[in-house]
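Working notes, structure below.
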Amino acid sequence: MSGEIAKAFARAKARGEGALVAYGMAGDPDLARSVDVFTAMVEGGADIIEVGVAFSDPIADGPVIQGASERALKAGSTLKRVLDEVVPEVHRRCPETPLVIMTYVNVIMAMGEERFAKLARERGVSGAILPDLPPEESEALRATFDAAGVDLIPLCAPTTPRARAEAIAKDGRGFVYCVSVAGVTGMRAELPPDLSQRLDLVRKASPVPVVAGFGISSAEQARTLSAHADGVVVGSALVRAAHSDGPQAVKALCADIKRGLKR
Amino acid sequence: MNTETSTGRFGRFGGRYVPETLVPALMELEAAYMAARADPTFDAEVARVLREFVGRPTTLTPARRLTEAWGGANVWLKREDLAHTGAHKINNTVGQVLLAKRMGKKRIIAETGAGQHGVATATACALFGLPCEVYMGALDVERQALNVFRMRALGAVVRPVESGSRTLKDAMNEAMRTWVSQVSDTHYVIGSAAGPHPYPSVVRDFQSIIGKELRTQAMAAFGQLPDAIVACVGGGSNAIGVLHPFIGDASVRLIGVEAGGHGLDSGQHGASLTLGTEGVLHGSRSLVLQDADGQIQEAHSISAGLDYPGVGPELAHLAKIGRMEVRTATDDEALASFYEVARMEGILPALETSHAFARGRELARELGAGKYLVINCSGRGDKDVATISARGVPPAVGVKA
Ligand SMILES: Cc1ncc(COP(=O)(O)O)c(C=O)c1O
């Protein structure tokens, strides 16, 4: 298992902050410039980077990330190229920041699970998030990843029954990704009122840190959630900022959300 | 015969590759479906609606002129085109909407390609009084204006999908996204024997009425089981429906015909059983058209219903183990068959169905005289008249124009 993720959460905690997990789409607008976007996230204070790898049929994503996927595919982004051209460069510029690949299971299968795990680890990837791989389907893949030292980070949903949520949390790797809303990725003005209870429950069961993600875009939301979670994931808001205003806007947004995560 | 090798798996295929948000709903659906199946009143209600409303059993028709022209096996047609709304799709939507009502769901969503499944879902929703939203690729909305009108007339909302290739695969993505957001009160009626477990089994069971009727009708009509049955394959619901009840009958050859589009080496086709590789699309592991990086490729077929880069997991399994033979027919072959069937039998088959007919001639000859070939007429061609007539109609038969 990779220790980098645990260390990143511990560093944030020692500074009295919740961790910011920042998502960007590799290859949007193109592979080289997405490296600048990831670097800007870290400059803005992001503690962990989620490197999105585009898939043609992203069923867990809302319009903002769907649009970014389409742009990345047009720019020639593939899992292989992201591991060859994006991950090593981000890792070189930001050696302290753990990198987590986020993509869909078909993209991993096409490369071959073992080949992916080995290559990812070599290039400096600490974990992976596969939103279309629920626990029932993930056993073999998780064993492969464990062997290579890549954390397969589980997701827990608002619809997940209590006992199942606890089981998912108990067996977590890296961190547990608590999906805040029943829905796809995208910014939300309001988060469900029972989210904090859900986070408390998962956190009690989990040996690893717990983050809330989906729908979070403001410092205010981050502040509210950081009382109940070890960190937050911000995706669509950063992808939109990168697309419309570039790396400087991404850096500013990360810094703003980091202020919200101060305890 | 059961081809389910473990729960939700057909050999290496099947499973439930969806966001965690949907897993509890799929478990709920599985449990509700098993309870419904164990309750004889549910079966009785489905059977009653199929009889009173859908017009089942559909007939088994001898194709005498085709038999003579093709010079081989006796050709018979299982007439799903005579079911209400004009295709086999209604068998599944009646069953699923009744199931959704039983589960207390308040609204229905569906995806559609050609519009047949959308029309069938809108029809079942009208019949049972549930609101209905149908996701349809924007390109298909343009191509299938008649079915868009039918859905709207039946009270459904049609939502054009602008993402990706703007066809069936994108409509299915969008329906899944919507379902993730509204899963507590909404049932998603998937239109083919595809998607995450338990859909491939649920759709197969509701469609198996086709093959069950055929067993009885074949014995009555020609005193034996068919020697071969052929069906077109998009996602595979009409094929699994007519073929499944015969899997255990070694004497019956089972044949699926996929969209060859512009030809298998043109890169523009819908032949996922023939040229697809193992992958995950729309919640199940099956054979899919994809590139080396795992990106799903756009399919192509003249028939919107076969224009899909995936296939149901059970058919993928049957093809892999060799129980089902797989062939393809090109757009041009399907068009030629459309007119052949129209002019020899007085039936306008759907373009999907025309693919099955396109392989009929050689199959009849392979089987030879005295054998029985049944072609599943999955639907009628009214929805396709705009596509077909745009290419010009061949001159009338036997009279001066
Ligand atoms: C008449 C007809 N046949 C066949 C199909 C293909 O679907 P399946 O392979 O699920 O039977 C369709 C789909 O729209 C159809 O309308």
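To find a chain, count down the sequence lines: A is the first, B the second, and so on, and within it residues start at 1.
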One should read off an interatomic distance between B:Asp291 CG and A:Thr78 OG1, to the nearest 0.5 angstrom, of 9.0 Å

When the 4.5 angstrom heavy-atom criterion is applied to B:Met27 and chain A, the contacting part is side chain

Whatever's closer than 4.5 Å to a heavy atom in chain B on A:Leu79 counts as neither

Heavy-atom closest pair (A:Met109 atom, B:Gly279 atom, distance to 0.1 Å) is CE-CA, 3.9 Å

When the 4.5 angstrom heavy-atom criterion is applied to B:Pro19 and chain A, the contacting part is both

The interface call for A:Pro58 against chain B, heavy-atom contacts under 4.5 Å, is both

**Report entry** Pairwise side-chain contact, A:Glu137 with B:Arg16, heavy-atom cut-off 4.5 Å (strictly under)
**Finding:** yes

After noting the C-alpha distance and the side-chain angles of A:Lys80 and B:Asp293, does the key distance pass the salt bridge (Lys or Arg N to Asp or Glu O under 4.0 Å) rule? CA-CA 8 Å; A:Lys80 183 72 173 52; B:Asp293 298 306; over 6 Å; no

Under 4.5 Å to a heavy atom of chain A? For B:Glu174 that would be side chain

Could you go through A:Asp57 and B:Leu281, starting from their C-alpha distance and side-chain angles, then the distance that decides it, and tell me whether this counts as side chain to side chain contact (heavy atoms under 4.5 Å, CB included)?
CA-CA 8 Å; A:Asp57 295 79; B:Leu281 177 64; 4.1 Å; yes

Okay, A:Val107 and chain B: the region with an atom under 4.5 Å from a heavy atom over there is both

If one checks every heavy atom of A:Ile108 against chain B at 4.5 Å, the contacting part turns out to be neither

Under 4.5 Å to a heavy atom of chain B? For A:Arg164 that would be side chain

Applying a strict 4.5 Å limit to non-hydrogen atoms, the region of B:Ala25 in contact with chain A is neither

Under 4.5 Å to a heavy atom of chain A? For B:Gln290 that would be side chain

Closest heavy-atom pair, B:Ile296 versus A:Ser56, reported as atoms and distance to 0.1 Å, is N-OG, 2.8 Å

